[in-house]
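The analysis underlying the following values was restricted to heavy atoms, covering all of them including side chains, and did not include hydrogens, waters or symmetry mates.
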There are 2 protein chains.
Amino acid sequence: MRRDVFQAIADPTRRAILLLLASQAMTPNAIAEHFDSTRQAVSKHLKILIECELLHSKQEGREIFYEIEAKKLNEIDKYLEQVKKIWERRFNQLDDVLKTLKSPHKK
Amino acid sequence: MRRDVFQAIADPTRRAILLLLASQAMTPNAIAEHFDSTRQAVSKHLKILIECELLHSKQEGREIFYEIEAKKLNEIDKYLEQVKKIWERRFNQLDDVLKTLKSPHKK
DNA sequence: TATATATGCAACTATTTGGTTTCGCAAAAT
DNA sequence: ATTTTGCGAAACCAAATAGTTGCATATATA
């Protein structure tokens, strides 16, 4: 069972849940009220988000509050940065080539 | 068929393809050599990445080069920023509450 | 022209996914 | 003490996904 941060945010409902929990911790029932799907469906998403450490839960009586673990999102940032870095380097090298072409031949 | 940037980067092979193409445009065969899977499997990933506009292709004779469309990754950035913004605002508000508690009662 | 190469496309399959319904349990409310 | 509420877990289902194999087509090359 593949389970990483990227797979976690692939689902639009899970992205919405994260956005919702960014402002405050909530119970499954409260979260489910914001969506068309049932509490059980939402609970499945919560489970996945927990597994990816994007959420953690704290029990209060019979209620369970789910809270976002925002720093875990940095893993995605890291990947994006990596791609962009390589992408930019590519043009820097192109710049070098252009500079070399402009400068007088050395050989 | 759901098809957005988030779903596109959910697959580790597709993430690796993007990383590979960040440095240079490549043909399906050349890309496939970097992975265990067949050319056809890779081609399917390429098709998905094209649909999400993370890639575009340019034909050169019988070869087709796939090139990354790096700016499309910003959509992911945007979402992450949104979550982080809300998340941070939460603590700023908490700060306000603490300040209010410290300051003398006004009522 | 005949052959090899590079590729896309369609059919098929196993697995995963998102969802529902049903159940059981523990905490609160009556 | 009984009922209601909030929850997770399991069984089940339809759809989507990632992969395979087997084509068809166009462009090089001999």
Considering only heavy side-chain atoms of A/S37, the closest of C/dT7, D/dT20, C/dT20 is C/dT20
In terms of side-chain heavy atoms of A/T13, which of D/dT20, C/dG19, D/dA18 is nearest?
C/dG19
Output the distance between atom CG (B/L54) and atom CD1 (B/I68), rounded to the nearest 0.5 Å.
7.0 Å
Counting only side-chain nitrogens and oxygens, does B/H45 get under 4.0 Å of the OP1 or OP2 atom of D/dT17?
no
Taking the side chain as every heavy atom from C-beta outward, state whether B/I17 and B/L21 have any atom pair closer than 4.5 Å.
yes
Within the side chain of B/E33, is there an N or O that forms a donor-acceptor pair under 3.5 Å with the backbone of B/F35?
no
I need the NZ-C1' distance between A/K58 and D/dC7, as an integer number of Å.
17 Å
Mind calculating the distance between CD (B/E63) and P (D/dT27) to the nearest angstrom?
13 Å
Given side chains that start at C-beta, do those of B/N29 and B/V42 come closer than 4.5 Å, heavy atoms only?
no
Take the protein atom CD1 of B/I9 and the nucleotide atom P of D/dA18, then report the distance between them rounded to whole Å.
13 Å
Closer than 3.5 angstrom, by distance alone: can the side chain of A/Q59 be matched with the main-chain N or O of A/G61 as a donor-acceptor pair?
yes
Specify the separation, in whole Å, of atom CD of A/E33 and atom C1' of D/dC7.
15 Å
Value in whole Å for how far the P atom of D/dA18 lies from CD of B/E51
12 Å
On DNA chain C, check which nucleotide each of A/T38 and A/Q59 is closest to and give me the residue with the more 5' one.
A/T38
Answer with base, sugar-phosphate or nothing: what part of the nucleic acid does B/I50 contact at a heavy-atom distance below 4.0 Å?
nothing
A/Y66 side chain vs A/L46 backbone, donor-acceptor pair below 3.5 Å:
no
Could you check how far CZ of A/R14 sits from C1' of C/dG18, rounded to whole Å?
8 Å
Take atom CG of A/D36 and atom P of C/dG19, then tell me their distance rounded to the nearest Å.
10 Å
side-chain hydrogen bond (donor to acceptor under 3.5 Å, both in side chains) filter on A/R14, not counting sequence neighbours, yields A/H45
Atom pair distance, as rounded to whole Å: CD in A/Q7 and P in C/dG18:
6 Å
Nucleotide N/O to protein N/O under 3.5 Å, stretch nucleotides 8-11 of chain D:
from, atom 1, to, atom 2, distance (Å)
D/dG8, OP1, A/Y66, OH, 2.1
D/dG8, OP2, A/S43, OG, 2.8
D/dG8, N7, A/R39, NH1, 3.1
D/dG8, O6, A/R39, NH2, 3.2

Whether B/D4 side chain and B/Q7 backbone form a donor-acceptor pair below 3.5 Å
yes
Are OP1 or OP2 of C/dT5 and a side-chain N or O of B/N29 less than 4.0 angstrom apart?
no
Pairing of B/D11 and B/K44 as salt bridge, 4.0 angstrom limit:
no
Set out, line by line, the N/O atom pairs under 3.5 Å between protein and nucleotides 28-30 of chain C.
none

